Amino acid sequence: MSEEKSLNFIEEIVEADLAGGRYKTIHTRFPPEPNGYLHIGHAKSICLNFGLANKYGGKTNLRFDDTNPVTEDTEYVDSIKADIKWLGFKWSNELYASDYFNKLYELAIDLIKKSLAYVDDSTSEEIADQKGTPTEPGKPNQYRNRTIEENLDLFAKMKAGAFKDGAKVLRAKIDLANPNMHLRDPIMYRIKQAHHHRTGDAWCIYPMYDFAHGQSDSIENITHSVCTLEFVPHRPLYDWYIEQLNIFPSHQYEFARLNLTYTIMSKRKLLQLVNEKLVDGWNDPRMPTIAGLRRRGYTPESIRMFCDKIGVQKRENLIDLSLLEFCIREDLNKNAVRRMVVLDPIKLVITNYPEGHTEEMEGENNPEAEDGGGSRIIPFTKELWIEREDFMEEPPKKFFRLGVGLMVRLKSAYIVKCTGFNKDEKGKVTEVLAEYFPESRSGHDTSGIVVKGTIHWVSVQHALNAEVRLYDRLFKVENPAVEEGDFKDYINPESLHVIENALIEPDLRKATFSERYQFIRKGYFVLDEDSSEEKIVFNRTVTLKDAWAKETKKGIGK
RNA sequence: UGUUGAAUAGUGUAACGGUAAGCAUACCAGUCUUUGACACUGGUGGUCCAGGUUCGAAUCCCGGUUCAACAACCA
């Protein structure tokens with residue numbers, strides 16, 4: 001019945017490898033460097049790596065690529081683990097590149113003994129100079145001819161701490177004229193007198209990415225080492241080390257990283273936003289981090305759905321934020337509890353309703369659920385808060401809300417007809433007057449009146465206060481990464497709008513962190529971690545689609 | 001001026017020499033509606049360019065164009 005879903009190119013490779021007997025089972029890994037929080041781009045990689053193993057019955061390791069002690073920290077290790085779990089994936093082994101420091105050191109010695117590595121005393125500038133350019137070959141220096149014995153001795157001294165940072169490096173002896181810059185005697189080890197978050201002060205030499213990653217893959221018997229496109233030029237080096245070392249042949253495959261409109265995906269830039277306090281930490285709800293999306297109210301299901309929809313390919317891409325928004329709406333429409341909240345209130349007085357009387361209205365929790373998701377009680381009284389934008393003194397045609405003479409249904413309650421309004425001395429409307437039709441009560445409507453519009457409301461007497469944070473896109477341009485100048489100049493100054501005193505229906509007092517809410521006609525919301533007994537805080541995850549807003553925008557355009 | 005990779009509706013992604021080039025989203029129009037939501041219906045819109053091979057090309061070959069990555073003691 002179900003349509004055959006086509007495979008992505010990596011799945012095709014895996015199926016061919018399995019079918020051809022190259023491997024009996026596959027083994028992938030997710031290898032973050034613990035120097036920042038995971039973002040939605042990592043989610044793509046996580047879904048791919050874990051998804052591959054899940055689909056083909058293999059395993060996925062979580063391996064921290066912690067070979068640079070100066071940028072890494074256990075705070076990041078912890079957040080990364082929490083985020084992967086939250087996304088719904090389980091790793092087979094929790095491993096660290098630093099687990100392999102001894103092994104890697106031995107492999108380096110092996111290369112020295114094979115005359116394939118040497119200690120170089122040049123400064124980083126000298127090395128850069130001698131490397132040439134992509135169009136000009138590099139030149140060897142005097143250190144390239146050191147004897148095996150001398151190299152062995154020097155490398156041992158490097159490890160023992162005999163030299164200062166930068167004084168010497170260990171380099172692979174490959175080909176200074178290779179058109180691929182990565183093969184021009186790449187650095188394998190550098191000296192860093194730095195404290196490592198796991199190995200402490202045991203080491204003062206640390207392997208470079210290229211001398212650690214492939215070997216770590218190999219040690220773990222990773223069959224398919226999947227990474228992003230910028231590592232394509234590293235692949236010959238990845239293969240070279242494995243071949244010269246004669247170790248398990250892991251293979252590297254590359255896919256295009258995720259780019260999303262109106263945001264940035266560079267860890268370096270995200271860190272900058274955090275450090276310069278342009279956002280409220282790594283988990284600011286405007287951040288594209290997993291922690292930020294979680295706080296914003298995104299669900300793991302919605303992010304997985306998104307990753308599934310964007311596919312996996314080798315071409316550069318820039319995905320519409322609207323696709324991510326579609327995914328969360330899709331999920332939340334089915335699962336969010338409906339509640340009424342007035343963000344920008346104006347009072348509605350029902351002049352023919354008895355003073356001091358309260359009626360208990362029943363409102364279904366979720367019309368998308370089979371049974372309506374159950375229901376809750378909503379108190380109805382003579383004075384209600386409604387949304388200021390739901391009343392107009394001079395309503396345009398097709399305005400299905402309130403204006404003198406117009407009728408609407410108050411959601412889950414009565415139909416009312418607007419009879420007038422009052423203004424203050426400045427001309428601002430202070431209250432809207434209406435009459436209700438007693439026989440139009442929701443569920444028992446015998447009035448025969450048909451209205452086009454339904455609006456939400458909250459009883460003045462029963463409403464509670466809450467802070468509501470409305471989030472919008474972090475940047476005002478589609479692709480801040482390619483704009484001229486500083487990316488921070490393109491931050492959207494209106495990315496956060498705080499409503500201090502929104503009026504929420506009383507049932508929301510029971511709001512929980514795990515529940516998701518749809519504030520009827522306003523959007524999807526989630527309780528924020530800043531909430532306390534005294535103060536309720538909601539974050540807007542995403543708005544509802546709003547055809548009327550488009551309509552009015554078009555009107556303005558004319 | 002080098003190497004490597006990539007070009008299919010606005011965006012993303014299928015089609016593996018034989019489909020009227022499919023799907024999703026976005027957009028437009030309409031139906032429905034006690035959420036101007038959801039749901040449903042219809043629509044606009046595409047193979048980077050030029051040659052060649054072939055009965056037949058998005059797909060193979062050949063030029064060209066455009067974009068991206070690569071010259072960190074970062075990963």
Side-chain angles (χ1 to χ4, degrees), chain A residues 3 5-8 12 31-33 35 65-68 70-72 97 120 122-124 127-129 131-138 165-171 178-182 184 187-192 205-206 208-210 212-213 227-236 254 256 261 267-268 309-327 329-330 333-334 338 340 363-364 367-368 398-401 408-413 415 440 442-443 445 451-456 478 518-523 543-551:
Chain A
E3 292 231 340
K5 199 181 181 246
S6 54
L7 304 176
N8 67 49
E12 282 179 359
E33 182 188 11
N35 67 345
D65 231 332
D66 56 349
T67 57
N68 185 3
V70 304
T71 56
E72 297 157 6
D120 192 325
S122 309
T123 63
S124 58
I127 289 178
D129 282 348
K131 256 194 181 170
T133 69
T135 51
E136 299 163 55
D165 285 13
K168 287 181 168 45
V169 290
L170 182 70
R171 289 229 258 172
N178 199 290
N180 183 339
M181 299 294 290
H182 295 276
R184 321 248 265 225
I187 291 169
M188 294 164 57
Y189 270 90
R190 76 286 213 191
I191 301 171
K192 275 181 193 286
I205 56 171
Y206 292 92
M208 296 288 288
Y209 165 86
D210 287 300
H213 201 99
C227 62
T228 46
L229 245 31
E230 61 270 31
F231 292 100
V232 167
H234 295 247
R235 192 186 337 121
E254 312 86 9
T261 55
K267 257 202 241 179
R268 203 193 90 243
K309 283 186 181 295
I310 59 177
V312 178
Q313 251 308 332
K314 293 186 86 130
R315 50 186 106 105
E316 301 287 338
N317 58 77
L318 178 61
I319 305 211
D320 273 346
L321 182 59
S322 58
L323 184 63
L324 215 211
E325 294 184 337
F326 164 81
C327 292
R329 287 192 186 109
E330 182 91 341
N333 179 47
K334 292 188 190 75
R338 305 308 117 124
M340 293 201 284
E364 60 184 358
E368 299 292 324
K398 292 208 285 184
F399 183 73
F400 306 139
R401 308 184 193 179
V408 293
R409 154 106 32 209
L410 294 171
K411 176 77 181 172
S412 302
I415 291 173
S440 68
S442 183
D445 189 346
V451 293
K452 288 286 272 184
T454 299
I455 64 171
H456 59 283
E478 275 206 331
Q518 184 196 96
F519 293 174
I520 291 174
R521 301 207 303 138
K522 290 279 107 182
T543 60
L544 257 28
K545 288 217 282 187
D546 189 348
W548 176 249
K550 266 183 205 162
E551 196 67 30

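By convention in this document, chain letters (A, B, ...) are assigned in the order of the sequence lines, proteins followed by strands, and residues within each chain are numbered from 1. These figures come from a predicted structure and were not determined experimentally.
With hydrogens and angles left out, the side chain of His182(A) and the base of rA69(B) share no donor-acceptor pair within 3.5 Å. For Arg409(A) against rU34(B), a side-chain-to-base donor-acceptor contact under 3.5 Å is present. In this model, a side-chain donor or acceptor of Arg401(A) finds a partner on the base of rG36(B) within 3.5 Å. Between the base of rU34(B) and the side chain of Ser442(A) there is a donor-acceptor pair shorter than 3.5 Å. Judged by atom type and distance alone, Glu12(A) reaches the base of rC16(B) through a side-chain donor-acceptor pair under 3.5 Å.
In terms of phosphate contacts, Lys192(A) brings a side-chain nitrogen or oxygen within less than 4.0 Å of OP1 or OP2 of rC74(B). Of the side-chain N and O atoms in Arg315(A), one or more sit less than 4.0 angstrom from OP1 or OP2 of rU13(B).
Using a 4.0 Å heavy-atom distance criterion, Gln518(A) is classed as a base contact. Among the atoms of the strands shown, base atoms are found under 4.0 Å from some heavy atom of Phe399(A). Note on Asn68(A): only backbone sugar-phosphate atoms sit closer than 4.0 angstrom, heavy atoms only; bases stay farther off.
As rounded to whole Å, 9 Å separates atom C1' of rA39(B) from atom CG of Asn333(A). In this structure, Lys550(A) places its NZ atom 7 Å from C1' of rC27(B), rounding to the nearest Å. Here rG36(B) presents its P atom at 10 Å from CZ of Phe400(A), a figure rounded to the nearest Å. Taking atom CD on Glu230(A) and atom C1' on rC70(B), their separation rounds to 11 Å, with Å as the unit.
Comment: Glu364(A) does not engage Arg338(A) in a salt bridge, judged by the lack of any side-chain N to carboxylate O separation of less than 4.0 angstrom.
A gap of 12 Å separates the P atoms of rG18(B) and rU59(B), to the nearest Å. Distance noted for atom P between rG42(B) and rU47(B): 25 Å (whole Å).
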